*Asks:* 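Sending over a structure as structure tokens; questions will come in a sec.
Please read these numbers as outputs of a predicted model, since none were measured by experiment. Counting starts at 1 for both ligands and their atoms, in listed order.
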Amino acid sequence: MINIPKGVQDVLPQDSYKWKKVQQVAYDIANKYNLKEIKTPIFEHTELFLRGVGSSTDIVNKEMYTFLDKGERSLTLKPEGTAGVVRSFIENSMYNEPLPIKMFYITNCFRYEKPQRGRLRQHTQFGCEIFGADTVQADVEAILIATNFYRSFGINPVAYINNLGCAECRKKYAQALKNYFAKYINTMCPDCQKRFETNPLRILDCKVEDCKKIVANAPKIGDVLCDDCKNNFNKLQELLKSANVNFKVNNMLVRGLDYYTNLVFEFVDEDKKLGQNALGGGGRYNNLVEELGGKSTPVVGFGIGIERLLLYLEDKGIEIEKDNNVDVYIASLTDNLSYVINVAETLRKLGLKVEMDIVNRSLKAQFKYANKLEAKYVITIGENEILSKKLSVKNMQDGNQYEVSVEEVLKGNLNG
Ligand SMILES: [Zn+2]
Ligand SMILES: [Zn+2]
């Protein structure tokens, strides 16, 4: 037997209704905000992620599935959803169309991570990107889309928000961090020592306990923000408040990617018992399009991991509504298969979910199976029924059995 590779999972038929539901909710919410779906390939040139995700990130340094194809090109399975969308935006000159351009995607992402609960090597992301709107309203819209997505499942996590500042602010802040960490850097982890040189902001993200203690007293971005950045951030908070978004300012939030500017946000359940408590997040990346060779265009967006959301709902005891059961099971006792298939097809055309025997069970076994499927009605078709043009119908909910003319059955009238 060949086993499934480490760190990935199957979605089995009995669980796939959850995925269908999540997808429907995502499509529905995206539609309400007039987002259009974009599909980009599973793999891209490795260069895209080096430049688009950032060479100082853990994703690029440790987690990418990179390989040479038969033409000796270095390709990488996408570790996140944004870079490919930005590449496509540039390549298709979308900035020539009326802005904003609002897109969403549901895509697989691949990261070579240490497998643990809620952290898979292949996961699925629902993401949204709003191009060409450098405004607080666009920030609010992105946060509202994600918030409403969560609310559709009956949850309302807190949106942690932070402002990383404009280019000027960030320069100032990076310097402030360097000044602060200079005293401690020799006692910090090797990753932080590297980050100190490449991108000191990333030190704030370190998960090593000793580093975290030092990080706790580091200067806060709020201390160095310029007036514009401060005003924008205040305005954002006012608007989120008036839109009833459950949010909190978290000065330590930087997110794991290099490309963020100004706004970052993360959806968190503060109930720490649930372990993996970040449910998704995003922010603004106003330099990314230019960074990847396009005409400077502001972007705000987010990504939500679907597997993690499903685990979270499970932990919360929130059940996703199951698909409806089989409406009609057709039990057959005849060799006249074309007759049986015709009845089944006619009912399906009426929109009913119909099963018929395709494994030649005995009549008794067919009824047992119909029961297992929780079919609402069982129609029995035998030689007698075909001759008399009256089919035997059993209402499986109340157990009543009666005859209905073929004509009525084919109209979907199963109640006699
Ligand atoms: Zn600023
Ligand atoms: Zn560290």
Side-chain angles (χ1 to χ4, degrees), residues 53-63 111 113-114 116 119 133-140 142-143 161-240 249-266 278 282-291 296-300:
V53 178
S55 51
S56 76
T57 58
D58 280 356
I59 295 182
V60 165
N61 287 322
K62 303 175 187 162
E63 298 169 359
R111 292 184 197 174
E113 292 188 282
K114 207 170 139 224
Q116 47 177 303
R119 208 175 274 268
D134 190 13
T135 63
V136 185
Q137 304 91 293
D139 294 344
V140 171
I143 293 174
I161 59 172
N162 192 20
N163 189 339
L164 302 179
C166 61
E168 282 302 296
C169 290
R170 283 171 75 113
K171 229 183 275 163
K172 250 201 277 175
Y173 188 47
Q175 195 52 54
L177 288 177
K178 269 198 131 164
N179 294 344
Y180 170 79
F181 285 119
K183 287 167 267 178
Y184 308 102
I185 196 66
N186 289 330
T187 68
M188 298 178 80
C189 77
D191 280 339
C192 280
Q193 297 189 4
K194 254 184 264 162
R195 291 168 185 146
F196 184 78
E197 299 303 331
T198 54
N199 186 353
L201 232 83
R202 300 291 324 285
I203 297 178
L204 304 180
D205 226 8
C206 188
K207 304 280 183 284
V208 176
E209 279 309 318
D210 287 346
C211 296
K212 275 169 135 175
K213 276 182 212 141
I214 298 167
V215 164
N217 295 316
K220 310 282 182 282
I221 180 76
D223 305 339
V224 302
L225 284 184
C226 70
D227 285 347
D228 273 357
C229 287
K230 240 182 237 167
N231 290 339
N232 275 335
F233 199 47
N234 288 337
K235 185 81 198 156
L236 173 74
Q237 292 174 59
E238 268 170 44
L239 292 174
L240 290 177
V249 174
N250 178 346
N251 275 309
M252 284 301 155
L253 182 65
V254 292
R255 308 260 314 143
L257 309 176
D258 273 357
Y259 51 53
Y260 291 104
T261 53
N262 304 97
L263 174 67
V264 284
F265 55 91
E266 199 160 271
R284 183 167 275 290
Y285 11 100
N286 285 353
N287 302 328
L288 187 57
V289 178
E290 203 171 8
E291 194 80 25
S296 172
T297 309
V299 193
V300 61

*Asks:* Please work out the angle at the Zn ion (ligand 1) defined by atom SG of Cys169 on one side and atom SG of Cys226 on the other, rounded to 10°.
*Replies:*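 The two atoms subtend 110° at the Zn ion (ligand 1).
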
*Asks:* Given side chains that start at C-beta, do those of Glu168 and Cys229 come closer than 4.5 Å, heavy atoms only?
*Replies:*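 When only atoms from C-beta onward are counted, Cys229 and Glu168 do not touch, as no gap falls below 4.5 Å.
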
*Asks:* To the nearest 10 degrees, could you say what angle the Zn ion (ligand 1) makes with SG of Cys166 and SG of Cys229?
*Replies:*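 About 110°, to the nearest ten degrees.
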
*Asks:* Kindly state whether the ring of Tyr260 and the ring of Tyr285 have centres lying under 6.0 angstrom apart.
*Replies:*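 Ring centroids of Tyr260 and Tyr285 are less than 6.0 Å from each other.
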
*Asks:* Which value, rounded to 10°, describes the SG(Cys192)-the Zn ion (ligand 2)-SG(Cys189) angle?
*Replies:*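 Roughly 110°, rounded to 10°.
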
*Asks:* With rounding to the nearest 0.5 Å, note down the distance linking SG in Cys169 to CG in Asp223.
*Replies:*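 Spacing of SG (Cys169) from CG (Asp223) equals 11.5 Å.
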
*Asks:* Do Val249 and Gln237 touch side chain to side chain, with heavy atoms closer than 4.5 Å?
*Replies:*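 They are in side-chain contact.
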
